[in-house]
Amino acid sequence: MITIDNYAKPATLEEAYKLNQARSSRVMGGMMWMRLGKAHVKTLIDLSGLGLDEIHDEDNVIKIGAMCTLRQVEECEALKELFGDGIAESIRHIVGVQFRNQATIGGSIYGRFGFSDVLTAFLALDTFVELYDGGIVRLSDFVNRAPDKDILLSVIVRKGKRKFRYDSIRRTKTDFPVIACAVVTGIVHGQETWYFSVGARPMKAALVEKKWEIPADASEEMIADYAKQVVSEFTYGSNMRGSAEYRRHLAEVLLRREMSSILAEGR
Amino acid sequence: MEIRFILNKKQISIDVKADAVLMDVLRSLGCKSIKCGCETTNCGLCTVWIDGKSRLSCSVLAASVDGCEITTLEGVEEEAAEFGRFLAAEGGEQCGFCSPGFIMNVLAMKRELQDPDLEEIKEYLAGNLCRCTGYMSQLRAIQKYMAAQKEKEVQA
Ligand SMILES: Cc1cc2nc3c(=O)[nH]c(=O)nc-3n(C[C@H](O)[C@H](O)[C@H](O)COP(=O)(O)OP(=O)(O)OC[C@H]3O[C@@H](n4cnc5c(N)ncnc54)[C@H](O)[C@@H]3O)c2cc1C
Ligand code: FES
Ligand code: FES
């Protein structure tokens, strides 16, 4: 159970950051995860009212404020235009609409949860996080940092011609994923590059990058070989939702399907 | 701490603890339609609208709704009763414990989605669990209710 002594709604980010430096302070996103934990919080810091609840479609990036709800991100037209249904697919299975109207992108990314669909999806894209003190950091670096007392202000996705696919497997609808896989491809520095992100292994999402030029008419056998190769570069673990072996098998199937779907689009 | 909000069109001002959850505060104010099925964000029984959006009152800190507008089933009684008749006609409720939260989310869906198909309805209501009915009767009730609403619009 969580107990909270004081609830603070700071008027500025500076004030929020200062309050958060106390060991017993916690920043609150949607509170959906934090509320289920066991903690005694002296000061809970609510970031709403600081202008962090908007998605900005800028010239080169899409900037998602940390307090945007998962539902806002799921429905964002600018993200759909760039990446198709991929982002929405990574979010729409999370509990229910009421839940997604409250859980935030900031809490989801800052939490770096092992089971996270959201982290898996954004990690495969050209994504950065903006921190109050730490500045702008690549998400693939942020993922492996230990939690600290900084505040996540926004998630920034660089625009670019990328093809994106996302898929997950769940034992029952709305449960945590047994495995979550995203594939992104595009031309980076003049070369075709593939990004593979696999989460819920059950460890947090990790990223593998490959400079592969795969012809659009590659056979299913060729694609299966590529999937086999990339799948072996991740580690897998067992828990109540599935064994390491099962997860590895599922990841191979999902990555192969996602690659096939991307290549079929280019034909 | 003192918070102020609008509850079913009435201004409320109340003292709450920093860790009080909205569900408990609303029930203490007489909104007994709100039920607690899990307290872990999984069942949807505690659904209310905050500034027009469906949310889980078991997981909202009361302190965070200062300045908001909240609607519970008590605030949309007539509309809820109308849908309730469709639910009853299809055998879509048995113990009825899940009905208030379910109805609040169906009415939120009606406001948000234009002509949802069966898959969209299922997805919108994925966070509302029912231990009794098996869902098929509820889905029939929703489809018939939505069709009746459309018919009303055409005639108006
Ligand atoms: C029952 C349940 C089922 C779930 N199922 C899934 C699932 O299937 N897939 C999935 O991807 N996710 C799932 N989640 C996780 C969920 O989607 C959110 O990621 C999670 O609730 C955190 O978001 P929040 O806004 O509630 O954050 P909070 O719970 O408020 O915060 C989480 C952590 O992040 C910190 N924090 C929050 N915002 C900031 C910020 N701006 N700066 C710095 N620190 C911050 C908090 O202090 C806390 O430590 C589930 C959660 C629950 C409770
Ligand atoms: S009581 Fe709130 S979701 Fe179950
Ligand atoms: S009717 Fe009994 S839980 Fe739904």
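Labels below follow one simple rule: chain letters A, B, ... track the order of the sequence lines, proteins then strands, and each chain is numbered from 1.
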Distance, nearest 0.5 Å, that separates [atom1] of [X] from [atom2] of [Y]:
X: N101(A); Y: D51(B); atom1: CG; atom2: CG; value: 11.0 Å
X: K17(B); Y: D5(A); atom1: NZ; atom2: CG; value: 10.5 Å
X: I3(B); Y: Y7(A); atom1: CD1; atom2: OH; value: 9.0 Å

Got a sec: does the [atom1] of [X] have more than 12 other heavy atoms crowding it under 6.0 Å?
X: Y246(A); atom1: OH; answer: no
X: K53(B); atom1: NZ; answer: no
X: D57(A); atom1: CG; answer: yes
X: K149(A); atom1: NZ; answer: yes
X: Q21(A); atom1: CD; answer: yes
X: R23(A); atom1: CZ; answer: no
X: K80(A); atom1: NZ; answer: yes
X: K163(A); atom1: NZ; answer: yes

Worksheet item: Any sub-3.5 Å donor-acceptor pair from Q98(A)'s side-chain atoms to G101(B)'s backbone N or O?
Response: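 Judged by distance alone, no pair lies under 3.5 Å.
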Item to complete: Check step by step if side chain to side chain contact (heavy atoms under 4.5 Å, CB included) holds for S64(B) and M31(A).
Response: CA-CA 10 Å; S64(B) 70; M31(A) 272 302 276; over 6 Å; no
Worksheet item: In terms of heavy-atom pairs under 4.5 Å, which option from M28(A), M32(A), R100(A), K9(A) contacts chain B the most?
Response: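 It is M32(A).
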Worksheet, complete the sentence: Of the listed H93(A), R71(A), K173(A), the one with the largest count of heavy-atom pairs under 4.5 Å with chain B is R71(A)
Worksheet entry | Side-chain heavy-atom pair L61(B), D46(A) within 4.5 angstrom cut-off |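 Not touching, per the 4.5 Å side-chain cut-off.
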Item to complete: Would you mind reporting whether V21(B) and R35(A) have side-chain heavy atoms less than 4.5 Å apart?
Response: yes
Return the option, out of [options], with the maximum number of heavy-atom pairs under 4.5 Å with chain A.
options: T47(B), I50(B), L125(B); answer: T47(B)
options: V48(B), D66(B), V60(B); answer: V60(B)
options: M109(B), M104(B), E112(B); answer: E112(B)

Worksheet item: If you take all heavy atoms of T3(A) and D19(B), which pair is closest and at what distance?
Response: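 For T3(A) and D19(B), the tightest heavy-atom pair comes out as CA-OD2, 3.4 Å.
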Worksheet item: Which heavy atom in F99(A) sits nearest to a heavy atom in T41(B), and how many Å separate them?
Response: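 Here F99(A) and T41(B) meet closest at CE1-OG1, 3.4 Å.
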